[in-house]
Peer 1: 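My questions all concern the structure below.
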Amino acid sequence: MAEPLLTLRDLKATFTVPGYGVVRAVDGVSLEVAAGEIVGLVGESGCGKSTIGRCITGQVVPSAGEVVLDGMKLGRRRSPQQRRAAQMVFQDPASSLNPRMSVRAVLAELLRVHRLVPRDQVERRCRELMGLVGMPDQALDGHPHQFSGGQRQRIAIARALAVEPRLLIADEPVSALDVSVQATILQLFDDLRQRLGLAVLLISHNLAVVRYLSDKVAVMYLGSIAELAQRDALFADPRAPYTRVLLEAAPRLGQIGKTPDPGLKGDPPSAVNLPSGCRFHTRCPRAEERCSVEEPALLPVHDGPPPAGGEVHLAACHFRAGHPGAPGQTG
Amino acid sequence: MVWQQRRYTRRQVLKAGAAGAGLLALGPLASACGSESETAGSGGASGEPKVGGTLIIGRHDQPTVQAVGLDPHHVAVSGGNVYTLDKMYQPLYTTDAAGKLQPLMVQEHTVSSDGLVYTLTLKEGITFSDGEAVTADDVAWSLNRARTTETGSMSFLNFAIADVKAVDGGTVEITLSQPWAPLLSDLSIYSDAILPKDLRGMSEKEFFTNPIGTGPFVLKSWEEEGALITLARNENYWQSGMPYVDEVVFKLISDDNQRMLQLQSGDIQIADTVPPAQVESLKADSNVSIGVFPAWSVDLFLFNHLVDHYADRNVRRAIAQTIDTAKIVESTTFGISEAGGSFFPPSLEYYDPDTPVLKYDLEAAKADLAASGFPKGFKSEILIPSGDKVWNLAAQIIQAGAAELGIEYEIKQLDQAAYQTAFRSFEFETFINNAINDITDPDEMASFQCDNENGGSNCFWTNYDNPELAEVVRAAAAEMDSAKRAEMYSEIQATVAQDAPYVAMSYPPTIFGTTTAVSGFAVNPAGAYPLEGVSLA
Amino acid sequence: MSAPELATTGSSEQAVALEGFVVRSHPTLRKALRNRSLLTGGAIVGTLVLIAILAPWIARYDPLQQDLAATLQLPSWVHWLGTDELGRDVWSRLVWAARFDLATGFFVVLFPFAFGTLIGTLAGYYGGWIDTVLSRIIDVVMAFPYYVLIITLVFVVGKGIRGIFIAFALADWVTYARTVRSTTLVARRMDWAAAARSGGLSDRRIIVHHILPNTITQAIVYAMSDVVYVILAVVTLGYLGLGIQAPQPDWGSMIFDGQLFMTTRWWLSTIPGLCVVVTGIGLSLVGDGLADVLRPE
Amino acid sequence: MTIPALKVEGLTVEIARGRESFRAVDDVSYALEPARSIGIVGESGCGKSISLRAIMGLLPDAARVVAGAVAVHGTGLSLEGKGAARQRRGHLAMIFQDPGTALNPVQKVGEQIAETPRLVLGETRGRARERALELLRHVGIADPERRYDSYPYELSGGTRQRVMIAIALASQPKVLLCDEPTTALDVTIQAQILRLLVDLREEMGLSVVFVTHELALVGQLCEDVCVMYASRLVETGPTPAVLERPLHPYTLGLLRSAVDLDEELEAPKPIPGSLPDPARRPSGCPFHPRCFLATPECASTTVTLTGLGDGRASACLHVERLLTEDGRALQEAAAKAAVKPQDPAGTAGGDGRG
Amino acid sequence: MYVLRRLLQAIPVVLGIVVVVFFMLRLIPGDPAAALLGTHATPEAIQALRDRWGLDEPIWVQFWLFLQQLAQGDTGTSLFYDVSTRTLIASRIPVTVALVALASVFSVLIAVPLATYAAVRKDRLPDHAIRMVPLVGLGMPSFWVGLVLILLFSVQLGWFPVGGWGDTFAEHVYGLILPALTSALGIVPLLVRSLRAGMLEVLEADYVAVARSKGIRESRVLFVHVARNAFVPTLTLLGINIAFLMGATVVVERVFQLNGLGSLMLTAISNRDFPVVQGVTIIFALAVVVITLVTDLVAAATDPRIKLS
C-alpha cells in the first residue's frame with residue numbers, strides 16, 4: 001500500500017489555562033490522509049478538531065505524537081518548504097486576509113519569496129491562481145474589504161494554493177458564509193480535488209458539508225476520535241453512539257414538523273477533567289456501567305479482514321459491534 | 001568676601017543656596033528701632049506701635065536646615081537660616097538701616113596704641129532668653145567658638161584675632177595678630193553671635209533644638225523641614241517693650257506669583273524678593289507697600305581667566321564695552337536697579353563715583369578686540385542658574401551685544417547645585433553672579449574679589465591674578481587712617497575698572513512687599529531686617 | 001504528486017457562480033478627502049506648518065533683535081502683538097516659535113515612536129520570555145509618574161534641547177511599545193498572520209510587510225497627540241526652570257516669561273498658550289481623522 | 001376570526017448610515033396565531049433581525065421605524081421612544097443569537113431573572129428568588145440553586161441560552177421573539193434548545209417568531225414561514241407547502257443551495273451573484289439580478305407580496321411559471337445557459353457584509 | 001489565586017523600579033557633599049562627608065547597602081536635612097495623597113457626567129460640544145491653568161485661598177480645591193474621550209436592550225446595568241491616569257505652594273539629596289504599582305470575568 005500523504009500518530013496537544021487547569025485539547029489522535037483524498041473531521045466546538053489542523057500547520061506545537069507529511073516529519077522548527085507543504089483555509093473570511101494588502105501583493109510575495117516561478121512569470125501565475133478559484137484578473141487589484149465573504153474565501157484558497165501545498169486544511173471553510181454562497185465554495189473544493197488531485201483535511205461541525213465532500217470521515221469527541229470510516233459506511237451505519245446523536249440532532253429539510261430529539265442530556269464535560277472510562281459515557285443514551293470504567297479503544301467494528309476496496313470502519317465504543325442483545329446494524 | 005545670590009527672582013535656588021552655605025551669610029541685624037530710618041515707604045502708621053499679632057513672612061528661598069541645628073557658627077547656615085537666626089541670636093555690633101555700624105551689646109571700646117588690643121565694655125542688663133544675664137565669659141567663649149570651630153562658616157573674618165578673654169564680668173579683651181581696621185565691623189557678622197557659655201552644659205543637639213539667645217524672638221516650632229518656622233516673642237528680651245508682635249512665621253513660598261498673590265490677598269504680611277517685573281502692578285494695589293532698599297550688592301558678569309580668551313585683557317575690555325549697563329537695568333529691572341560701574345556698590349563706604357569705568361562704546365570695543373589675540377571673535381558660553389529671570393534676560397542682552405564683535409555666546413542654564421559645582425571647579429567660560437558685602441567695612445568685598453591668594457574665592461572664581469592689587473587690598477585693611485584707606489580703595493576700584501576681570505552690571509536693591517498693616521519694617525544694606533520694631537495695625 | 005497543475009481554462013463553472021465585486025480607485029485617499037476631522041485638523045496643522053516654513057517672511061522682525069529702548073510695548077501697527085521685556089517683536093517670536101516647537105515636537109517624538117514600535121512589535125510577535133522581559137521593563141517605566149521621570153531624566157542628561165530629546169527618548173517609548181504590543185498580539189492571532197507563517201515567509205518579512213502595516217496606525221495616531229504632550233512637557237519644564245535655552249523663541253518659554261505680566265500684559269502668555277491649544281486641537285483632529293481613515297474596513 | 005397573537009403591519013425601518021439612509025425593513029406584514037410559530041428566513045443583512053428589534057422596541061440609535069403597526073392580541077404597541085421596550089413586558093419577550101452578549105456579564109444570572117418579578121411584578125425578594133429558581137428549573141437547568149449564583153461567563157453556551165429564555169419567560173410574555181437563538185450553538189445543544197422551545201410553546205401556549213437563516217430549522221419548528229430578501233418579504237405560507245413547492249425563485253434557490261443530510265449526494269446549486277448592499281437595493285424586484293426567471297420588466301416593476309390562496313403569498317412577477325412548471329428544472333436550465341460569461345455589471349455590488 | 005498571581009507579577013516591577021531609581025540618580029552630575037558644604041568648604045571637609053555617606057564605595061557596595069536599608073523600609077538618611085527619609089516623606093504624604101485623591105474625585109465627577117451625557121446624546125449638539133473638551137484641554141499646560149484659576153477664583157472673586165493648605169481639615173480641603181481641579185483638568189480630556197467610547201459600547205450592548213425589555217425603570221437600567229459595566233473600564237482608566245496625576249503634583253504643588261512629595265522631590269533633586277529623591281521616586285512608583293494592583297483587584301471583584309484573562 002502506498003505511503004499516505006499525511007500521517008498523524010498518537011497526536012496530543014495540551015494547553016495550560018491560568019487559574020483553570022490543563023486542557024487536553026487533542027488526546028491521542030491517529031489519522032491518515034492519502035494523496036488526493038478528502039478527509040472530513042467532524043465534531044462539536046471544543047472537540048479538538050481545529051487544534052489538529054493547527055498542529056499540522058505548526059501553529060500549535062503538539063505535546064506528544066508525530067505529524068508526518070509527504071515523508072517529512074514535521075517538528076517544532078520547520079523549514080519554509082515544510083511549512084509550505086500544508087496550507088490552511090480559515091473559517092472567518094473577515095480575518096483570513098490581511099486588510100492592508102492587495103490580493104496581488106499577497107500572492108506575488110509568496111511566489112517571489114519561494115521563487116516558485118521566474119520573476120517575469122509572477123503576474124501570469126497570479127492570474128492563473130485567480131482563474132483557478134474562479135476570480136477574474138481584476139480582483140488582483142482589490143483589497144479584502146472590497147470583497148464579499150465568498151470571494152474572500154476564494155482568495156484565501158488561491159493564497160493557499162500559491163505555495164503549491166500537498167495538503168489543504170480547510171477549517172470550517174463555509175460556516176461563516178451565507179447559505180446561498182456556501183455551495184459555490186463547496187463546489188470549488190470538489191473541483192480542485194478533481195483537477196489538482198489535492199488532498200484536503202476538511203474540518204467542520206456541519207455533517208452535511210462533510211458528507212458532501214469527504215471520502216473518509218472521522219468523528220471527534222473531546223479530543224479523541226470516536227468513529228472513523230469511509231463516508232458512506234459512516235453515514236449509513238454509524239456505530240459510535242455519539243455519531244448517531246450527531247446525525248439525529250442535525251436539522252434536515254426532509255423532516256418537516258419533527259423537532260429533532262437526540263436524546264442527549266447536558267453539556268460536554270470540560271476538557272480539563274475528562275470523564276473516566278468512555279469520555280462520552282456521561283451523556284451517552286446507551287451507557288452502561290462498564291463505560292464509566294473502561295475506556296474503549298478505537299477498533300474495527302467488523303471482525304476479520306477489511307472489506308475489499310474500502311478501509312476499516314473503526315469506532316471507539318464497547319458496543320461498536322452492536323448493542324448487547326440487539327443485532328449489530330449493518331450498512 | 002561673602003557674596004550672595006541675587007535676592008529677587010531666585011527661584012528654587014536657595015535650597016541649593018543653602019548648599020551655597022556660607023554664601024548667604026547675610027548681614028547682622030539692624031539696631032534697635034531708635035536709630036531706624038524710614039528708608040523706604042513701607043509701613044508708616046503713626047502713633048504708638050500696636051502690640052500683638054502674628055506676622056507672617058513669605059520667603060523665597062528654603063529656610064533653615066535642621067541638619068546642623070540652628071547653630072549660627074556653623075558653615076551650612078544659609079540665607080534662610082540667617083533670617084531666622086538673627087531674630088534669636090545677636091552679635092556685639094550691628095548695621096543699622098542706613099548702613100552705619102552701631103554697637104548693640106557694647107557700651108564702649110578702647111584700642112591699644114599699637115592697635116593690637118581691643119577692650120570692650122558690655123552694656124548692662126542684657127539677658128539671654130532664659131533670663132540669665134550675658135557675661136564677658138559668654139562673649140569670650142562664643143567668639144572663640146565662632147573663630148575656631150572647624151565648621152565655622154565665617155571664621156575667616158576673624159582671622160586677625162589672636163585671642164579673646166574675659167577680663168571681668170563686663171569686660172572683654174580681644175588681642176589681634178596684626179592691626180586690623182575692619183575688626184568691629186567684623187564683629188557685627190551674624191556668625192559672631194553670642195551664645196551662653198558651654199551651651200549651658202547641654203549637648204549641641206539638645207541646645208540647638210531649643211536654642212537660647214539674646215534676640216527678640218525664640219524658636220517656637222520648626223516644621224516641614226524648615227518650610228514653616230514659627231518664632232515667639234522672647235519674654236526676657238533685654239530691650240524693654242519689644243518686640244511688638246507675638247509671633248513671627250516664616251513660610252517658604254518659592255513661586256514668585258504665589259508669593260505676590262498671597263501678599264495681595266493678605267495671607268502673608270511681608271514678602272521678600274519681589275520680582276522687579278511685578279513692582280509696577282503691586283504698587284497699584286492699595287493694600288500693598290513696596291519697599292526698595294539700597295543694598296551693598298552688585299550683579300557681576302565674570303570671566304574665567306583660565307580660559308585663553310579671557311586671560312586676554314583686551315578681550316575682557318572689549319566685551320565690557322559692549323555692555324550697556326543702563327539698558328540692562330532698564331529692561332531687566334525696569335530701572336529699579338542702579339546701572340553698574342565700579343565693583344563697589346555706591347552705598348558702600350569708600351565707593352568712588354569717579355572711578356574710570358569702561359563705558360558702553362562699540363567702536364572702542366572693536367578696537368580693543370582688534371588689538372587682542374582674537375580679533376575675529378570666538379564662540380563661548382554664559383553660565384547662569386536656571387530659573388533666574390533677570391539674569392537670563394541680562395545674559396541675552398550681553399549675548400546680543402557681544403554678537404556685534406563676532407563673539408557668539410550660548411546661554412547655558414544649570415540648576416543651582418550644578419551651577420555652584422561648575423563655577424567652583426572653573427568649569428565655565430563666563431558666568432553671572434552677585435556679590436554682597438555683609439558688614440559695613442568694604443574689605444570683605446575687596447579681598448573676596450581682588451585677592452586671588454587670600455580672598456577665599458580666587459577672585460570670585462575668575463582666577464584674576466593681580467598680586468600688586470592684592471597687596472593694596474591687604475594694606476588697606478591694615479590701615480587705620482580713613483583718608484588713606486579711601487585713597488587705596490579708589491585705586492583698587494580704578495584698577496579693577498580698567499582691568500575688567502569682571503563687569504559690574506548693576507546694583508540691585510532689596511525689594512520687599514508688605515501689607516499696609518505692617519509698620520516699622522526696614523532692611524539694611526546687607527539685606528537683614530530686624531523685626532523687634534515691626535508692628536501690625 | 002507534482003505541484004497543483006493550473007488549468008487556464010478561463011471561466012470555469014465557478015466563475016459563473018462568482019459573486020459580483022467592484023474594485024474601486026484608491027479608497028484610502030477618497031476616505032481621507034471625505035473625513036471632516038482630518039480635513040479640519042489638516043487645515044489647522046497645515047496652516048501652522050506653513051507659518052513655520054514661511055517664518056522668515058511672515059515674521060516682520062528678527063525674533064532675536066532686541067530693542068532695549070522699546071520694551072513691553074502695547075500692540076500697535078508697528079508691533080502687532082507688542083514687544084517683550086527685551087523689546088523683541090512678539091509676533092515674530094510667535095511665528096519663529098511655531099517653527100521651533102513643531103520641529104521639536106516632531107523630532108522628539110520620532111525616536112520613541114520608532115523604538116517603541118519596534119519593541120512593542122517584538123514583544124507582541126514573539127511572545128514568550130522576550131515578551132515577559134520587555135513587558136516588565138515597560139511596566140517599570142510606566143510605574144514612574146510621567147513628570148517625575150522626565151524631570152529626573154532631564155537632571156541626569158542635562159537641560160536644553162538635547163536633554164529634552166534624550167529624556168523623552170527614554171521615557172516616552174513605553175506608551176508606543178504598549179500600544180503596539182497589544183495590537184501586535186491581536187494581529188498575530190489573526191488568520192492571515194497564521195497564513196503568512198505557514199506560507200513559509202520569514203518572521204522578518206511577516207513583521208515588516210504584514211503585521212506592521214496593521215499595527216502602526218495606532219502608533220501614528222498616538223504620535224499626533226504625543227507631539228502636543230511633548231510641547232506641553234517642554235513648556236512645563238520651562239516653568240520648572242529646566243527648559244529650552246534662551247534666546248530661542250519657543251511658546252513654552254513665552255508662556256512662562258509672560259506669566260509675570262499676566263495682570264498687565266495678559267497676551268504675552270495667553271497668545272502663545274492659545275498657539276499650543278490650537279496645535280493640540282489640530283493634531284488631535286488629524287489623529288482622530290487618521291484613525292478613521294486608516295482603520296481597515 | 002381570531003385575534004392574532006402578533007400582528008405586524010407595514011413595518012418599515014430606516015437606518016441612517018453617514019449622511020444617507022436606507023430601508024432595512026420595507027413594508028413587512030405578517031400575523032401569528034396564538035400558540036403557533038412562524039419562521040422568518042433570510043440571509044445576513046436581509047433585515048430579519050432588525051425587524052424583530054423594531055417589534056421589540058429595541059432599535060439602535062441609528063435606526064427608526066418610519067411606518068407600520070404592531071399589535072399583540074389586539075393591543076397596539078408604540079414603536080418609538082425609550083419607553084417602547086418597557087411597554088412590551090407581558091406581551092413580548094425576546095431571546096438573542098448570542099446569549100453571551102445578551103446577559104449582563106457582571107450580574108449573577110439568578111438576579112437577572114429575578115429582576116422582573118421583583119421590580120416589575122412587585123414580588124418580594126424571597127418570592128422573586130423562588131420564581132427565578134422555578135424558571136431555571138423550567139428551562140431545564142439542573143441544580144438551579146447553584147446556577148442562580150453563577151455569572152454568565154461561567155456557563156456553557158447552551159445553559160446561557162436557557163437562562164436567556166428564563167429571563168424572557170419571567171415577564172410572562174404571550175409571544176416569544178427568537179433571533180437565531182441556536183446559531184451560535186453546537187448541533188446537539190441546538191437540538192436541546194429547540195426541544196425546549198417546542199415544549200414551552202405547548203405547555204404555556206406561547207406564540208413564537210423564529211428568525212433564522214436555516215430553512216431546515218424552520219421546517220422542523222414552525223407552522224408558517226416568511227422568506228425575507230433585501231428588506232422585504234418575498235414569500236409567505238405554511239411551511240410544508242413552501243418547502244415542498246417554493247413559489248419564489250429565491251426560496252427555491254435557498255433550498256437548492258443548501259447541502260442537506262437527507263438529500264442524495266447531488267451538488268448544491270448556488271444562487272449566482274451575491275446579496276445586495278441593503279443601501280443599494282436593485283430597482284424593481286430586488287432579486288432580479290440573481291434570478292433565473294428574471295425578465296427586463298422585473299427590474300422596473302415594483303413587486304408586492306400577492307396572495308395565492310391556501311395562505312400562501314409570493315412577490316414574484318413570474319409566480320405563475322412556478323405554479324405551472326417545475327422550478328428545479330427551470331433553474332437548472334438557466335444555470336446551463338449561463339455557463340458562458342456573465343455580465344459582471346449585472347451582479348455588481350458587494351454582499352453588504354464587507 | 002488571581003490576587004496572588006497579580007501580586008507575584010508586581011514583584012519584578014518593584015525590583016526594577018528600585019534598580020532603575022538607584023542607578024539613574026547616580027548618573028546625575030553634581031556632588032552632594034560639595035553642594036551641602038558650600039563656598040567655604042575645604043576639600044578635606046568634602047571628602048570627610050563623602051566618606052561618611054559612603055559615596056566613594058564601589059557602586060555595587062553602595063547598592064547593596066541601599067538594598068539593606070530598603071529592606072528595613074527606609075531609603076536612608078537625608079543628606080541635607082539629616083533626618084530619616086522615611087520621616088521626611090511621611091510628613092509630606094498627606095498633602096500629596098489628599099491632592100491626588102481629591103483630583104481623582106474631581107476628574108470622575110467632571111468626566112463621568114460629561115461622557116455619559118455625550119454618549120446618551122450621541123451625534124447631537126451636546127455630544128459635539130463635549131467632544132471639543134478633549135481637543136481644547138489637551139493643549140493647556142497645567143501651571144498655566146493653575147495660574148488662571150488663581151487669578152480668577154482667588155484674586156478676582158476671592159473664593160479660594162491663593163495657595164497653601166491651612167491648618168485644619170476644613171482648610172486643607174478648601175485649600176486643595178483649586179489645585180485638585182487643576183490636576184483633574186489635566187486628565188479630564190483623556191477620561192471624557194475614552195469613557196464616552198466605553199459608555200457608547202455599553203449602551204449599545206444587547207444586555208442593556210434586554211434589561212429595558214424586562215420592563216424595569218430606565219434609571220435602574222442606567223444605574224445598575226449600564227453603570228456597573230461601565231465602571232470597570234472607568235476604574236482601569238483612572239488607575240492608569242492616577243500615575244499621571246501624581247506626576248502632575250510636581251507642577252501643581254509648586255503653583256499652589258503645597259508642601260507635598262512633588263515639591264519635596266524638586267527640592268531634593270536640586271540639592272542632590274539622593275536618599276530623599278530615591279525615597280520619593282520609589283514611593284511614587286510604588287504608589288502607581290499599588291494603585292494599579294488595587295484597581296485591577298477591584299475591577300476583578302466587580303467583573304468576575306477578569307480573573308480569567
Side-chain angles (χ1 to χ4, degrees), chain A residues 43-47 93-94 136 138 144-151 174 176-187 190 205-213 231-232 235 242 245-268 270 283, chain D residues 43-45 140 142 155-159 182 185-192 194-195 197-199 213-223 239-240 243-244 250 253-263 265-275 290 344 349-354:
Chain A
E44 293 177 287
S45 55
C47 73
Q138 310 91 286
H145 72 267
Q146 295 166 310
F147 298 105
S148 68
Q151 290 169 331
V174 298
L177 302 179
D178 275 313
V179 184
S180 64
V181 176
Q182 284 185 1
T184 67
I185 300 296
L186 294 179
Q187 286 182 356
D190 214 5
H205 70 278
N206 187 327
L207 288 165
V209 165
V210 169
R211 171 168 169 264
Y212 173 64
L213 276 180
R231 186 249 323 259
D232 292 336
F235 283 95
Y242 179 61
V245 164
L246 275 186
L247 285 169
E248 273 300 310
R252 295 154 191 253
L253 275 170
Q255 298 187 328
I256 291 175
K258 276 187 279 176
T259 314
D261 191 357
L264 184 63
K265 290 266 182 299
D267 294 329
S270 109
R283 302 170 75 201
Chain D
E43 293 175 279
S44 57
L155 306 177
S156 69
T159 312
T182 61
L185 304 176
D186 278 319
V187 269
T188 56
I189 310 296
Q190 164 172 293
Q192 292 170 357
L194 293 180
R195 186 79 248 167
L197 287 174
V198 169
D199 293 346
H213 64 274
E214 234 177 315
L215 273 174
L217 283 185
V218 177
Q220 291 177 330
L221 210 66
C222 307
E223 288 93 346
T239 312
L243 295 189
E244 185 60 33
Y250 177 63
L254 267 188
L255 273 171
R256 300 261 286 151
S257 63
V259 279
D260 190 79
L261 275 178
D262 286 340
E263 300 261 340
L265 275 175
E266 66 170 304
K269 304 291 181 293
I271 307 174
S274 59
L275 292 165
R290 305 173 73 187
D351 65 1
R353 295 180 309 128

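Only a predicted model underlies this, so the values are computations on that prediction, with no experimental measurement involved. Throughout, a chain's letter reflects where its sequence line sits, starting with A, and its residues are numbered from 1.
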Peer 1: Drop me the distance from I271(D)'s CD1 to Q182(A)'s CD, to the nearest 0.5 angstrom.
Peer 2: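 One gets 11.5 Å once the value is rounded to the nearest 0.5 Å.
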
Peer 1: Counting only N and O atoms by type, is there a donor-acceptor contact under 3.5 Å from the side chain of Q187(A) to the main-chain atoms of A267(D)?
Peer 2: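 No, because the side chain of Q187(A) does not come within donor-acceptor range (under 3.5 Å) of the backbone of A267(D).
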
Peer 1: In Å and rounded to the nearest 0.5 Å, what is the CG to CG distance from D178(A) to L275(D)?
Peer 2: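 Atom-to-atom, D178(A):CG and L275(D):CG are 4.5 Å apart.
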
Peer 1: Evaluate T188(D) against R283(A) for side-chain contact (heavy atoms from CB on, under 4.5 Å), listing each step before the verdict.
Peer 2: CA-CA 11 Å; T188(D) 56; R283(A) 302 170 75 201; 3.6 Å; yes

Peer 1: Heavy-atom distance under 4.5 Å to chain A: side chain of E244(D), backbone, both or neither?
Peer 2: neither

Peer 1: Can you say whether L185(D) sits under 4.5 Å from chain A via the side chain, the backbone, both, or neither, judging by heavy atoms?
Peer 2: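 Neither the backbone nor the side chain of L185(D) comes within 4.5 Å of chain A.
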
Peer 1: Distance from T184(A) atom OG1 to K269(D) atom NZ, nearest 0.5 Å?
Peer 2: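 The NZ atom of K269(D) is 13.0 Å from OG1 of T184(A), to the nearest 0.5 Å.
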
Peer 1: Of the non-hydrogen atoms in V259(D) and A208(A), which two are nearest, and what is the gap between them?
Peer 2: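 Closest approach of V259(D) to A208(A): O-CB, 3.6 Å.
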
Peer 1: Do E43(D) and S180(A) have a side chain donor and acceptor closer than 3.5 Å?
Peer 2: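 Yes, because at least one side-chain N or O of E43(D) sits under 3.5 Å from a partner of the opposite role on S180(A).
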
Peer 1: Below 4.5 Å from any heavy atom of chain A, which atoms of L243(D) appear? Answer side chain, backbone, both or neither.
Peer 2: side chain

Peer 1: For chain A, which of I189(D), L221(D), L197(D), T239(D) has the most heavy-atom pairs under 4.5 Å?
Peer 2: I189(D)

Peer 1: Please report the shortest heavy-atom distance between P251(A) and E214(D), naming the atom on each side.
Peer 2: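 So the minimum-distance heavy-atom pair works out to CG-OE2, 3.5 Å.
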
Peer 1: For chain A, which of G140(D), G253(D), P240(D), A216(D) has the most heavy-atom pairs under 4.5 Å?
Peer 2: A216(D)

Peer 1: Given L261(D), which of N206(A), L207(A), V210(A) fulfils the side-chain contact (heavy atoms from CB on, under 4.5 Å) condition?
Peer 2: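 Output: one option passes, namely L207(A).
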
Peer 1: Distance check, rounded to the nearest 0.5 Å: Q190(D) atom CD versus E44(A) atom CD?
Peer 2: 10.0 Å

Peer 1: For the side chain of D260(D) and the backbone of L253(A), is there at least one donor-acceptor N/O pair under 3.5 Å apart?
Peer 2: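 Checked: pair present.
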
